[in-house]
Amino acid sequence: MSLNRRTNRWFPACFVSEKPAMATERYNPRAAEPRWQKAWDEAKLFETKNEDPRPKYYVLEMFPYPSGRIHMGHVRNYTMGDVVARWRRAMGYNVLHPMGWDAFGLPAENAARDNNVNPRDWTYKNIETMKGQLKTMGLSLDWAREIATCDPSYYKHQQKIFLDFWKSGLVERKSAKVNWDPVDMTVLANEQVIDGRGWRSGAPVEQRDLTQWFFKITSMSQDLLDSLDTLDKWPEKVRIMQANWIGRSEGLLVRWALANPPAGETELEVYTTRPDTIFGASFMAIAADHPLAKKVAASNPELASFIEEVRHMGTSAATLETAEKKGFDTGLRVVHPFDENWTLPVYVANFVLMDYGTGAIFGCPGHDQRDLDFANKYGLPVTPVVLPDGVDAASFHITEEAFVDDGAMINSRFLDGMRFREAFDEVATRLSGVTIGNRPQAERKVQFRLRDWLISRQRYWGCPIPVIHCEACGAVPVPAKDLPVELPTDVTFDKPGNPLDHHPTWKHVGCPQCGKPARRDTDTMDTFVDSSWYFARFTDPWNDKAPTTLEYVDGKNGWLPVRQYIGGIEHAILHLLYSRFFTRAMQVTGHLNEVKEPFEGMFTQGMVVHETYRAGTGPNAYWVQPVDVNIVDVDGKRSATLIADGSPVEIGAIEKMSKSKKNVVDPDDILASYGADTARWFMLSDSPPERDVIWTEAGVEGAHRFVQRIWRLVSETAPALTGVAAAAAGDGAGAAVSKAVHKTVKAVGEDIERLSFNKAVARLYELVNTIQPAATALVDGKGNQTDAAALREAVEALVVMIAPMMPHLAEECWSALSGEGFVANQPWPRFDPALVVDNDVVYPIQINGKKRGDLTIARDADQAQVEQAVMALDFVQKALEGKAPRKVIVVPQRIVNVVA
RNA sequence: GCGGACGUGGCGGAAUUGGUAGACGCAAGGGACUUAAAAUCCCUCGAUCCUCGAUCGUACGGGUUCGAUUCCCGUCGUCCGCACCA
């Protein structure tokens, strides 16, 4: 009941509050939020002590890349994490909720080159800006533990970890095929190759063999796969994605003798998961990079040029999809393992990959679509060897579509009639007993799709690989006393290639072993390495001797695993998989005690999306920012115009906020005008957290109205509640309030625990709707002491419950209620189980499954009593027309269905 | 192609283990207060009809059940991930 009628538009001028005649002023987040943030800071409220004896709870959101400014995705992500952190604190946990910066990466180098700034300066300036933005959000973060991965105090330990991994056999230096951009003189990631060209230079990308550093993640493939089953607090989707990525398959290595071998060769080794179809084989296909192909190509220029053609084929998804199956007959032939008189041709084929299996396959056109396409193109025989169930063998032909399902073996000699498993085993057993060369002709083999993790990057702004290359001693680890190997600061970006390599002095160093002149490894580590252990570092970022402190990192009194990790789905595979590998590897190297899985609970939040706006027409059309658009709504029909000149704007699709579509909303604008609490509340409302949330101006205003409504409710009621002790009411008007609040306490706690923030928000709206009339009545002097006590309890509980979501407003309300200390330190309210159940139950009464009325009856009425009462109801009698019901179904506390 | 998710009012979404479909919010319409606007408060708000009330309604078509948004089979559509992995 604000009497302040003089103010007009509250934004932007509303907080310049005019003198209210009475009652309360509007809540002013611009004044209140910084005040509370400062108070929390001064009280060091969110600084966590490792020694605190309370049970530990580690909640973490994926740390940001310091790109310059935070975006709405960050606001959503960090709001969710903060709700969990604040709620867990209220539940009595010692909560670790840290923040840091994923600070290495290419954008800093690009900025350096384009704007002539130093990558370090650029990065730290961005960190400063973004830290300020995060602070205005009122997040309960322990900033004392802040880390930046680009800081030598962090990457020093990462270099130690690298060397320890190396010592433990988890690191390997080997030759690898990489995408090489000949203009930028750098290695490109697959996603940086677009249609076979470098994303920046546009130059055709070459495949080059370079000696690179790898983490041997494949040595843990099986465990990384098996342990997914233990991650029951992860989204099913993410676990499936990881399992697919690891890609385990069981098959057989089969060695085929060459009928006409070139010098130095005797056999061709293939990998197959379908040895049962071995009698359906009609050709062999090998990769263009297969040694045998190279050998034949040496004396066959036509084959050599075919191989060259395959090598230059693009690697993009689009190219692969449309690429025709192509092959080249090498002239070589192999002997069938079960028939020495049966030989098959060997082709080089463009669809066989060198780095999976052995780079060679046997083609079985009847039961593999690719092989069928290939066979049809080159006129190779197609023999069906698996018969679909219920199909007559005589009429079964394969022409355009391969049969890939299960069936019974045919045309397969001793395998005829067998099913897949039996045939597989029979072939495996028989061939294992035959010797070719000095080895069995077949071996069972489990194959993974997962490759070793290539960590070398020919870039400047990353963690230097702490290795020195000496002509005499080879690759030598940098001694521990010389760590960190720091990045030089005097670098230039004016020529293509790796600035570390160009640096005049940096790489020249004496060999730690023999002292002779040697040179540093000029590669830096993939930035995924930085983020693979930061969660462990947060547990004791002050330890300058070692990456982790065993006492605190995990185990009995340690923090890990992270109990709740929150981040984007885009990291569902690589970041999470690498972190899982690192945790295992850090345990092997003694940096962790026992924990294997770093993240016990994982949650992937949805994106923030927004309408798009387009002004102009035809070829002159251009995207417009939301802030430049005025939207009017007439009888539900929305139309838009440019604020600048009133010209029409087309309202387009709702899409992920992106710079290119300009449908971005700057968090700074929102925080400055509405305040952090409104932004936080809106982020939690309506949309389930795993789904996308649509950012709308109307929605934000709705959220803001609620902020004001809470403030009005609390501030207007507070005087009437002064000196009143909180207590639940058993009867009278207060009883309804008490029941509502206790039910809400129960429900909101359950909702937050499940991260169903949107439902918790709905419950809080309902509670406010319920207690509002009671509050108004009390203020008007219409309540008694019991009602006042019930209302005091309700309002206090409400304030504590909104505190994780709208912490500043909650503090302001708590203060208005003369509450002790910070609401951030208040325990979560307890609900009385007796108050969350009603004495009476309202049963919906169905007749033949359709609702016809209600019955209110005592909660403890037994089935017979309920049935009796139902039968006495008018509309039931009328529906039955005097006859006895066929059946009456009473579901206790739920529903009654009368079947007439 | 393979794998997965989803489909509910004008919109975002609720709905316990199969038990009142549409909670809560947004938008819209009407009203009160006001010189006026803003703010606030009250009412209406799935569709149709014969508007008392009834019928239909959770993408579509079937099925199981006393009862289906929920379970099963099929169809259509949308989105996401992987993609020549032998």
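If you're wondering where the values come from, they're calculated on a predicted model, not measured in any experiment. Throughout, a chain's letter reflects where its sequence line sits, starting with A, and its residues are numbered from 1.
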Name the orientation of the base relative to the sugar in B:G57: syn if the glycosidic angle is within 90° of 0, else anti. anti
Are any of the side-chain nitrogens in [X] or [Y] under 4.0 Å away from the carboxylate oxygens of its partner?
X: A:Lys326; Y: A:Glu309; value: yes
X: A:Glu443; Y: A:Arg255; value: yes
X: A:Arg705; Y: A:Glu701; value: no

Starting at [atom1] of [X] and ending at [atom2] of [N], how long is that distance when rounded to a whole Å?
X: A:Phe706; N: B:C41; atom1: CZ; atom2: P; value: 12 Å
X: A:Glu690; N: B:C80; atom1: CD; atom2: C1'; value: 14 Å
X: A:Ile246; N: B:C82; atom1: CD1; atom2: P; value: 15 Å
X: A:Phe351; N: B:C85; atom1: CZ; atom2: P; value: 9 Å
X: A:Ile847; N: B:C66; atom1: CD1; atom2: C1'; value: 13 Å
X: A:Ile845; N: B:C66; atom1: CD1; atom2: C1'; value: 14 Å
X: A:Arg886; N: B:C66; atom1: CZ; atom2: P; value: 9 Å
X: A:Glu697; N: B:C11; atom1: CD; atom2: C1'; value: 17 Å

Using atom [atom1] of each nucleotide, how far apart are [N] and [M] to the nearest Å?
N: B:U51; M: B:A36; atom1: P; answer: 39 Å
N: B:C50; M: B:U55; atom1: C1'; answer: 12 Å
N: B:G19; M: B:G31; atom1: C1'; answer: 39 Å
N: B:U17; M: B:U69; atom1: C1'; answer: 15 Å
N: B:C71; M: B:G77; atom1: P; answer: 22 Å
N: B:C60; M: B:U65; atom1: P; answer: 23 Å
N: B:G22; M: B:U58; atom1: P; answer: 14 Å
N: B:A32; M: B:A21; atom1: C1'; answer: 33 Å

Assign [X] to base, sugar-phosphate, or nothing according to its heavy-atom contacts below 4.0 angstrom with the strands shown.
X: A:Val899; result: sugar-phosphate
X: A:Val352; result: base
X: A:Ile240; result: sugar-phosphate
X: A:Asn897; result: base

Can you tell me which residue among A:Glu655, A:Glu611, A:His610 is in a side-chain hydrogen bond (donor to acceptor under 3.5 Å, both in side chains) with A:Lys661? A:Glu655
[X]-[Y] side chain donor-acceptor pair, cut-off 3.5 Å:
X: A:Thr856; Y: A:Tyr843; result: no
X: A:Gln605; Y: A:Arg76; result: no
X: A:Thr218; Y: A:Asp452; result: yes

Each nucleotide of nucleotides 53-58 of chain B classed B (base within 4.0 Å of a protein heavy atom), S (only sugar-phosphate) or -, in 5' to 3' order, makes --SS--
Those residues of residues 745-755 of chain A lying under 4.0 Å from RNA chain B by at least one heavy atom: none
For the residue pair [X] and [Y], does the interplanar ring angle fall in the parallel (under 30°), tilted (30 to 60°) or perpendicular (over 60°) class?
X: A:Phe706; Y: A:Tyr765; answer: tilted
X: A:Phe362; Y: A:Trp256; answer: tilted
X: A:Tyr27; Y: A:Trp711; answer: tilted
X: A:Phe424; Y: A:Phe420; answer: perpendicular

Heavy-atom neighbours of A:Lys656 NZ exceed 12 at 6.0 Å: no
Heavy-atom neighbours of A:Arg886 CZ exceed 12 at 6.0 Å: no
Phosphate contact (B:G4 OP1 or OP2) by A:Lys237 side-chain N/O below 4.0 Å: no
Can you tell me if the side-chain N/O atoms of A:Arg691 get under 4.0 Å from OP1 or OP2 in B:G13? yes
Restricting both atoms to N or O, compile the protein contacts to nucleotides 21-26 of chain B shorter than 3.5 Å, with distance only.
residue : atom : partner  : partner atom : Å
B:A23   : O2'  : A:Glu766 : OE2          : 2.4
B:G25   : OP1  : A:Asn769 : ND2          : 3.4
B:C26   : OP1  : A:Arg705 : NH2          : 3.2

Measure the shortest side-chain to side-chain distance between A:Asp838 and A:Lys743 over non-hydrogen atoms and say whether it is less than 4.5 angstrom. yes
5'-most contact on RNA chain B: A:Tyr271 or A:Val896, nearest heavy atom basis? A:Val896
Comparing A:Gly359 and A:Ile694 on RNA chain B - which has the more 5′ nearest nucleotide: A:Ile694
Does any N or O donor sit under 3.5 Å from an N or O acceptor when you compare the side chain of A:Arg451 with the base of B:C85? yes
Side chain of A:Arg712 (C-beta onward), nearest among B:A83, B:C41, B:G19: B:C41
Shortest side-chain distance from A:Ser687, nucleotide among B:A86, B:G12, B:G19: B:G12
Could you pull out all donor-acceptor pairs under 3.5 Å where a side-chain atom in residues 771-779 of chain A meets a protein atom, sequence neighbours excluded?
residue  : atom : partner  : partner atom : Å
A:Gln772 : OE1  : A:Arg709 : NE           : 3.4
A:Thr776 : OG1  : A:Gln772 : O            : 2.9

List the atom pairs, donor and acceptor, that lie under 3.5 Å between side-chain atoms in residues 235-243 of chain A and the rest of the protein, sequence neighbours left out.
residue  : atom : partner  : partner atom : Å
A:Glu236 : OE1  : A:Arg239 : NH2          : 3.2
A:Arg239 : NH1  : A:Leu231 : O            : 2.9
A:Gln242 : OE1  : A:Arg580 : NH1          : 2.9
A:Gln242 : NE2  : A:Ala572 : O            : 3.0
A:Gln242 : NE2  : A:Ile573 : O            : 3.4

Can you tell me which stems involve RNA chain B, if a stem is defined as three or more consecutive Watson-Crick or G-U wobble pairs, both distances under 3.5 Å? B:1-7 with B:76-82, B:10-12 with B:24-26, B:28-32 with B:40-44, B:46-49 with B:53-56, B:59-63 with B:71-75
